[in-house]
Amino acid sequence: MLKDKIKKLVLGHRASSEAYINFLRKQGIKVGTNVKLYRPFNTTIDFQNPHLLTIGNDVQITGPVTILTHDYSWSVLKKKYGYIYGNQRKTEIGNNVFIGWGATILGGSHVGNNVIIGANAVVSGIVEDNSVYAGNPAKKIMSLADFKAKREKRQLSEAKAYVREYKLRFGVIPPESKLTEYFFLFKKNDDVKTFHEMLTLMGNYENSVKELEVHKPAFNNYEEFIDYCLKD
């Protein structure tokens, strides 16, 4: 409790995700539900023009991320020519968006729904719905459906590597509870209490449970999965 108070005193509205979001809303920025800032203390969200920024629902913002609504580069023009060329533009981030580590969303950007922004990407302009963008400048590298297929293809090999490296590092087989991101490989819908938190992630518990009910796991149980992982 004391630690939280000290943190709030030192960091102010950057002390926590909740505090930062409340601050943004008080400034007049539209922020949806289930928005999470994982590194609020080194994330910068431009509140100079609160009426020009909208952040949708289910937006996951890693850190250090920068989201802007303006650009001060016109100061160079002012110095040389005297005229002031303002640059303040509406920035929108849609629903169900992941913004990767170190990404920058420049003023005037319109990020669609169901979008993944890669680490260190610099976004400018329109980002299409159901897509993955990366790079500087950020470009579309695949559709969300393609990304799903890519992740599905790599699940088993990544899970196997996770188990083998865990055993190599700690000398024991990882408990089932450690496989929070791979339990669809070996779990059916009969007993998922261990992974309840993961199923509730993003607020669509029912959808995940339904998916678990209809999918066919690659292994009948955790023991069979572990035998496969440790097989030479």
Side-chain angles (χ1 to χ4, degrees), residues 7-144 146-147:
K7 189 176 181 181
K8 187 174 182 180
L9 184 64
V10 174
L11 298 175
H13 68 267
R14 296 174 184 268
S16 68
S17 175
E18 183 180 13
Y20 205 147
I21 291 169
N22 287 337
F23 170 80
L24 295 175
R25 287 173 176 155
K26 287 179 181 178
Q27 304 311 306
I29 294 172
K30 286 187 177 180
V31 183
T33 59
N34 193 30
V35 175
K36 178 75 173 180
L37 282 70
Y38 289 91
R39 304 272 290 187
F41 51 87
N42 59 1
T43 288
T44 299
I45 298 179
D46 184 0
F47 57 88
Q48 179 172 299
N49 309 290
H51 58 294
L52 296 180
L53 179 57
T54 299
I55 299 174
N57 302 320
D58 303 304
V59 177
Q60 311 299 303
I61 302 172
T62 57
V65 164
T66 300
I67 301 174
L68 301 172
T69 61
H70 79 286
D71 181 345
Y72 194 51
S73 59
W74 59 262
S75 62
V76 176
L77 298 175
K78 163 101 171 36
K79 177 66 176 178
K80 183 171 178 61
Y81 302 107
Y83 198 94
I84 296 176
Y85 295 94
N87 192 350
Q88 298 171 310
R89 294 174 291 167
K90 185 176 181 179
T91 303
E92 294 181 300
I93 298 172
N95 302 317
N96 194 28
V97 175
F98 172 84
I99 304 177
W101 184 274
T104 298
I105 313 296
L106 296 176
S109 297
H110 294 256
V111 178
N113 302 320
N114 308 311
V115 169
I116 295 170
I117 304 294
N120 295 312
V122 178
V123 175
S124 177
I126 297 175
V127 172
E128 298 175 10
D129 292 350
N130 305 304
S131 59
V132 180
Y133 278 68
N136 180 7
K139 296 180 179 180
K140 183 177 179 179
I141 59 173
M142 67 181 74
S143 69
L144 195 64
D146 289 337
F147 184 71

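Not measured: the values here are computed from a predicted model.
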task = Nearest 0.5 Å please: distance from the CD1 atom of Ile126 over to the NZ atom of Lys140.
result = 13.0 Å

message = I'd like to check Ile21 versus Leu37 (side-chain heavy atoms, cut-off strictly below 4.5 Å). Are they in contact?
response = yes

note = When rounded to the nearest 0.5 Å, the distance separating CD1 of Ile45 from OH of Tyr20 is 5.0 Å

note = Rounding to 0.5 Å, atoms NZ (Lys30) and CG (Leu53) come to a distance of 11.0 Å

note = Hits for side chain to side chain contact (heavy atoms under 4.5 Å, CB included) against Asn120, two or more places apart or cross-chain, chain-then-number order -> none

ask   = Could you state the interatomic distance from OG1 (Thr69) to CG (Leu52), rounded to the nearest 0.5 Å?
value = 5.5 Å

request  = Side-chain contact test, heavy atoms from C-beta onward, threshold under 4.5 Å: evaluate it for Asn34 versus Asn57 and give yes or no.
outcome  = no

inquiry  = Counting only heavy atoms from other residues, nucleotides and ligands, does the tally under 6.0 Å from CG of Leu77 exceed 12?
reply    = yes

Short side-chain donor-acceptor distance under 3.5 Å, Asn96 and Asn114 = yes

note = One should read off an interatomic distance between Asn22 CG and Ser16 OG, to the nearest 0.5 angstrom, of 8.0 Å

message = Any heavy-atom pair between the side chains of Thr44 and Arg14 that's under 4.5 Å?
response = yes

task = State, to 0.1 Å, how close Asn113 and Asn95 come at their nearest heavy-atom pair, and which atoms those are.
result = OD1-N, 2.8 Å

ask   = Going through the distances and angles, do Leu144 and Ile116 end up as a side chain to side chain contact (heavy atoms under 4.5 Å, CB included)?
value = CA-CA 8 Å; Leu144 195 64; Ile116 295 170; 3.9 Å; yes

ask   = Do you know the tightest heavy-atom contact between Pro64 and Asn42?
value = CB-O, 2.9 Å

request  = Check Leu24 against Val31 and note the closest heavy-atom contact, atom names and distance.
outcome  = CB-CG2, 4.2 Å

task = For Val123 and Ser109, work out which heavy atoms get closest and say how close.
result = O-OG, 3.1 Å

task = Keeping the roles fixed (side chain from Tyr133, backbone from Val111), state whether a donor-acceptor pair exists under 3.5 Å.
result = no

query = Which distance, rounded to the nearest 0.5 Å, do you find between the CD1 of Ile117 and the CD of Gln60?
reply = 13.5 Å

key: Taking every non-hydrogen atom, the tightest pair across Val115 and Glu128   = CG2-O, 3.2 Å

query = Are the side chains of Ile67 and Ile61 in touch, meaning some heavy atoms are under 4.5 Å apart?
reply = yes

ask   = Tell me, which pairs form a ring-ring contact (aromatic ring centres under 6.0 Å, His included) where one or both residues lie in residues 81-103, sequence neighbours left out?
value = Tyr83-Tyr85

query = Given side chains that start at C-beta, do those of Ile93 and Ile99 come closer than 4.5 Å, heavy atoms only?
reply = yes

note = By ring-ring contact (aromatic ring centres under 6.0 Å, His included), Phe47 pairs with (sequence neighbours left out) Phe23

message = Quick check on side chain to side chain contact (heavy atoms under 4.5 Å, CB included): which of Lys90, Gln27, Gln88 does Asn49 satisfy it with?
response = Gln88

ask   = What closest approach, in Å, do Gly32 and Val35 show between heavy atoms, and which atom pair accounts for it?
value = O-CG2, 3.5 Å

